[in-house]
There are 2 protein chains.
Amino acid sequence: MQTALSTSGLSHAPSATLLREYPAARTNEAPILGTTRILAKDEQIFTEGDRAAFFYKVVSGAVRTSKLLSDGRRQIDAFHLPGDIFGIESGEEHRFTAEALGSATVVVYRRCSLETLACSDGAFAHQIVAAMMRSLERAQDHMMLLGRKSAAEKIATFLLDMDRRLSDRDHVDLPMSRTDIADHLGLTIETVSRSLTQMERQGLIELPSHRRTIVLANRAALRSLEA
Amino acid sequence: MQTALSTSGLSHAPSATLLREYPAARTNEAPILGTTRILAKDEQIFTEGDRAAFFYKVVSGAVRTSKLLSDGRRQIDAFHLPGDIFGIESGEEHRFTAEALGSATVVVYRRCSLETLACSDGAFAHQIVAAMMRSLERAQDHMMLLGRKSAAEKIATFLLDMDRRLSDRDHVDLPMSRTDIADHLGLTIETVSRSLTQMERQGLIELPSHRRTIVLANRAALRSLEA
DNA sequence: CGCCCGCTTGATCTGACTCAAGTCAAGTGG
DNA sequence: CCACTTGACTTGAGTCAGATCAAGCGGGCG
């Protein structure tokens, strides 16, 4: 598996760079090598209950990790954007399903057990632990949102978060459907739609195409709505 | 680094034993020493924004960690029971408030930075990482509960979880108030109360004293209610 | 060949109505 | 007295059903 010549200028992590060496063939940079995998829209990366032999880092596109209840109700715990690591488990099995939101590319790393991790190369271990901590912090903030915020507050928080993580200047191009947003925020698709429409009426946002581009016209007002 | 002769018989963790050496004076057992601290009911251990110089393990009693919204709405992210570790942060500040539920005892450990952690003693680091992973897994399961479960399902899940974690045979002695339960499950105190009353009417539980003792009369039915 | 048009499809939006959970205000009992 | 329960009423968000919008497809035709 030969790596493309140029991964030049691909700094996709907004925060600290994690695991720089995603091209598969770059040997000796880290104790664990990664191979890239290209995914089609909605392609499944792993399911709840799968043996957790690997973990992943998003290179391009976006990934959702979700859980299902027996009757089909779904909770999307997180959206993973370029630079984000997902699929780390302490047990033997994946506790989520991971699917590509659109077409996407991920790097696959062989799982290292927690024991191995702690003893292995410090810098590498540190990156993994940092990714875990970030997941934990996001999950904790999200519990506040799910348990205590109103629909409008949830949407405002979500939009500002997406803006921060993937803003193209003044607008956000969401990689996910309304259904995904609803299942992430603990709402229904109708409530998501109505909230967005109302925010547009109030001049907080613009929805130019009835699709996935959203212009944040008044970030300050959104922030005050966030609660 | 000498290991102690005897960390005799003090296994309070229901799961894998973590950090056995809480008595303060036992030197040289681990790279980080713990001193015990005794807390009164509702005493604050740290608040959101405090410098995160220490982390903690519950010895006896119970602790809640919570976040507040500007208008006072509260979300309790977790209850910590004997053996549980809380207060680990990746940043410089605590992101939660921690308070004792009743009178409680905790061991205080000096914080080690993530960098130090990764390089330090393998067994110790492993215990910390395992505690973080457990927090993450609990948070993830709790997001499913907060986002997608009904009031009855939330209560059933909560009761079974408490039963598992501190069951005294057939009944549970809850260490927290209805208000705490409500703020943990994303409900109001009235809804918690009504749900419990209804479960009693249906014969799923018994509330002998109108207080914090709950008899789980029909665990199987509770489990099917859990969704 | 390339364009237009009608049809289909998938996603989103909207309106009318329902209901689970919240709010407010008394009780109750340990 | 304080934590908890209960009842009466309200409401935010869900459900159901249908409309709208934007793409994509395929065939006929200039």
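Chain identifiers are assigned alphabetically (A, B, ...) following the order of the sequence lines, protein sequences preceding nucleic acid strands; residue numbering begins at 1 within each chain. Source: prediction; values computed, not measured.
Residue B/E43 places its CD atom among more than 12 non-hydrogen atoms of other residues, nucleotides or ligands, all under 6.0 Å distant. Within 6.0 Å of CD in B/E48 there are more than 12 heavy atoms belonging to other residues, nucleotides or ligands.
Taking the side chain as every heavy atom from C-beta outward, A/R64 and A/D180 approach each other to under 4.5 Å.
For D/dT6, the OP1/OP2 oxygens have a side-chain nitrogen or oxygen of B/T197 closer than 4.0 Å. Contact between the side-chain N/O atoms of A/R211 and the OP1/OP2 oxygens of D/dA23 is found at a separation under 4.0 Å.
With sequence neighbours excluded, the residues that form a side-chain contact (heavy atoms from CB on, under 4.5 Å) with A/T191 are A/A151, A/L187, A/T188, A/S195. Looking at residues two or more places apart in sequence or on another chain, you find no ring-ring contact (aromatic ring centres under 6.0 Å, His included) involving A/F158. Remark: A/A156 engages A/M199, A/L222, A/L225 in a side-chain contact (heavy atoms from CB on, under 4.5 Å) (not counting sequence neighbours).
For the residue pair A/H94/A/T47, the side-chain donor-acceptor check at 3.5 Å is not satisfied.
Salt-bridge formation is not detected for the pair A/E99/A/K41: no Lys NZ or Arg NE/NH1/NH2 atom is positioned less than 4.0 Å from an Asp or Glu carboxylate oxygen.
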Trace of the salt bridge (Lys or Arg N to Asp or Glu O under 4.0 Å) decision for A/D141 with B/K67: CA-CA 9 Å; A/D141 290 338; B/K67 275 173 178 294; 3.2 Å; yes
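A straight line from CG of B/L207 to C1' of D/dT6 spans 14 Å, rounded to a whole angstrom. Straight-line distance from the CD atom of A/Q198 to the P atom of C/dG15: 12 Å, rounded to whole Å.
Listed in residue order, the members of residues 187-196 of chain B having a heavy atom less than 4.0 Å from DNA chain C are B/L187, B/T188, B/E190, B/T191, B/R194. Against DNA chain C, the stretch residues 145-159 of chain A makes no heavy-atom approach under 4.0 Å.
Overall, the helix from C/dC1-D/dG30 to C/dG30-D/dC1 carries an axis bend of 40° between its ends, with five pairs at each end and the value rounded to 10°.
Taking the six-membered ring where the residue is Trp, the centroids of A/F96 and A/F86 are separated by 6.0 Å or more.
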